[in-house]
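Reading through the structure tokens given below for one structure.
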Amino acid sequence: MTETFLPDDDATARFGAALAAGLKPGDIVSLEGDLGAGKTAMARAILRALAGDPALEVPSPTFAILQPYDTPSGPVLHADLYRLADATEVDELGLLDDPEAIVLVEWAERAPQVVSAVTLTVHLDIPPGGAGRQVSVKRN
């Protein structure tokens with residue numbers, strides 16, 4: 001496991017781009033942390049790097065639950081499972097159906113079948129004092 005302090009949004013974007021460079025088709029990335037810890041910001045940085053477009057519009061999938069993207073790296077799915085009423089709902093999303101997709105999942109812990117498929121865990125915390133983010137990464 002590696003741990004890194006990210007002092008600002010630019011550092012988060014650079015870290016996300018570096019993570020993206022190491023992702024491959026079939027990777028399932030769990031983005032973990034409390035509300036406001038930066039899960040969506042990290043997903044946005046990863047997606048922009050995979051798409052090769054620093055201005056790519058990457059809305060939070062909180063209400064849509066799932067946002068698909070076609071990138072030069074292949075298909076990417078960005079999911080936010082926070083609003084799932086039941087873990088079985090994830091099966092209807094087809095989140096784990098494409099073995100070629102890179103999947104970024106916020107709140108994966110709401111669906112055990114997703115947690116068991118995770119290949120990389122990225123945990124974000126807001127440190128005491130509230131400045132920046134502490135991120136730890138673990139390959140599963």
Side-chain angles (χ1 to χ4, degrees):
M1 177 169 17
T2 62
E3 291 192 22
T4 306
F5 176 70
L6 306 172
D8 54 31
D9 288 341
D10 287 340
T12 301
R14 286 190 302 275
F15 191 87
L19 275 178
L23 295 177
K24 60 189 181 317
D27 273 338
I28 312 287
V29 181
S30 176
L31 299 164
E32 300 178 353
D34 291 335
L35 283 171
K39 295 178 297 296
T40 301
M42 184 62 68
R44 188 172 288 123
I46 293 168
L47 274 160
R48 287 176 174 164
L50 291 171
D53 181 356
L56 179 68
E57 182 68 28
V58 181
S60 171
T62 300
F63 294 102
I65 300 179
L66 181 66
Q67 286 288 126
Y69 296 86
D70 288 318
T71 76
S73 303
V76 180
L77 301 173
H78 179 200
D80 183 333
L81 306 184
Y82 186 77
R83 294 184 43 225
L84 288 186
D86 185 88
T88 59
E89 290 179 30
V90 82
D91 298 330
E92 297 170 23
L93 297 174
L95 199 58
L96 305 175
D97 291 354
D98 185 350
E100 296 301 309
I102 293 172
V103 182
L104 309 175
V105 186
E106 300 180 42
W107 301 100
E109 63 271 20
R110 298 185 64 90
Q113 65 271 47
V114 174
V115 171
S116 66
V118 167
T119 59
L120 186 74
T121 301
V122 178
H123 188 90
L124 297 133
D125 279 309
I126 298 172
R133 294 179 178 101
Q134 189 69 36
V135 62
S136 62
V137 178
K138 180 179 79 168
R139 181 61 78 171
N140 301 341

**Prompt:** Are Arg133 and Asp9 within salt-bridge range, i.e. N to O under 4.0 Å?
**Reply:** yes

**Request:** Verify, without hydrogens or angle tests, whether Asp53 (side chain) and Ala55 (backbone) share a donor-acceptor contact under 3.5 angstrom.
**Result:** yes

**Asked** For Asp34, does its backbone N or O pair with a side-chain atom of Lys39 as donor and acceptor, under 3.5 Å?
**Response** yes

**Prompt:** Short question: side chain of Ser136, backbone of Glu3 - any donor-acceptor pair under 3.5 Å?
**Reply:** no

**Message:** My understanding is that only one of Asp27, Val137, Leu104, Val135 makes a side-chain contact (heavy atoms from CB on, under 4.5 Å) with Leu19; could you say which?
**Reply:** Val137

**Prompt:** According to a 4.5 Å side-chain heavy-atom criterion applied to Ile, Leu, Val, Met, Phe, Trp and Tyr, with indirect links allowed, do Leu23 and Val103 form part of one hydrophobic cluster?
**Reply:** no

**Prompt:** Strictly by modelled atom types, are Thr40 and Glu106 linked by a side-chain donor-acceptor pair under 3.5 Å?
**Reply:** yes

**Request:** Indicate if Val122 and Leu81 have the same hydrophobic cluster label, given that clusters are the connected sets of ILVMFWY residues with side-chain heavy-atom separations under 4.5 angstrom.
**Result:** no

**Request:** Please name the pair of heavy atoms, one in Pro59 and one in Tyr69, separated by the smallest distance, quoted to 0.1 Å.
**Result:** CD-OH, 3.6 Å

**Fill in**
Leu95 and Ala79 have their tightest heavy-atom pair at CD1-CB, 3.7 Å

**Request:** Say whether Phe63 and Leu31 are linked into one hydrophobic cluster, either directly or through other cluster members, by side-chain heavy-atom distances under 4.5 angstrom.
**Result:** no

**Asked** Would you find a donor on one side and an acceptor on the other, under 3.5 Å apart, between the side chain of Glu109 and the backbone of Glu32?
**Response** no

**Message:** What I want to find out is whether Asp80 reaches Arg110 closely enough, with some N-O distance under 4.0 Å, to be called a salt bridge.
**Reply:** no

**Request:** Could you tell me which non-hydrogen atom of Pro54 sits nearest to which non-hydrogen atom of Gly52, and how far apart they are?
**Result:** CD-O, 3.9 Å

**Derivation of the side-chain contact (heavy atoms from CB on, under 4.5 Å) call for Glu89 and Asp86** = CA-CA 6 Å; Glu89 290 179 30; Asp86 185 88; 4.2 Å; yes

**Prompt:** Which one of Thr121, Ile28, Thr119 satisfies the side-chain contact (heavy atoms from CB on, under 4.5 Å) criterion with Asn140?
**Reply:** Thr121

**Prompt:** Does the pair Trp107 and Thr62 meet the rule for a side-chain contact (heavy atoms from CB on, under 4.5 Å), with working shown?
**Reply:** CA-CA 10 Å; Trp107 301 100; Thr62 300; over 6 Å; no

**Request:** Applying side-chain contact (heavy atoms from CB on, under 4.5 Å), run through Met42 and Phe15 and close with a yes or a no.
**Result:** CA-CA 8 Å; Met42 184 62 68; Phe15 191 87; 3.7 Å; yes

**Asked** Among Leu66, Ile65, Leu84, which one satisfies side-chain contact (heavy atoms from CB on, under 4.5 Å) with Val90?
**Response** Leu84

**Prompt:** Is there a path of hydrophobic side-chain contacts, each under 4.5 Å between heavy atoms of I, L, V, M, F, W or Y residues, that connects Leu56 with Val29?
**Reply:** yes

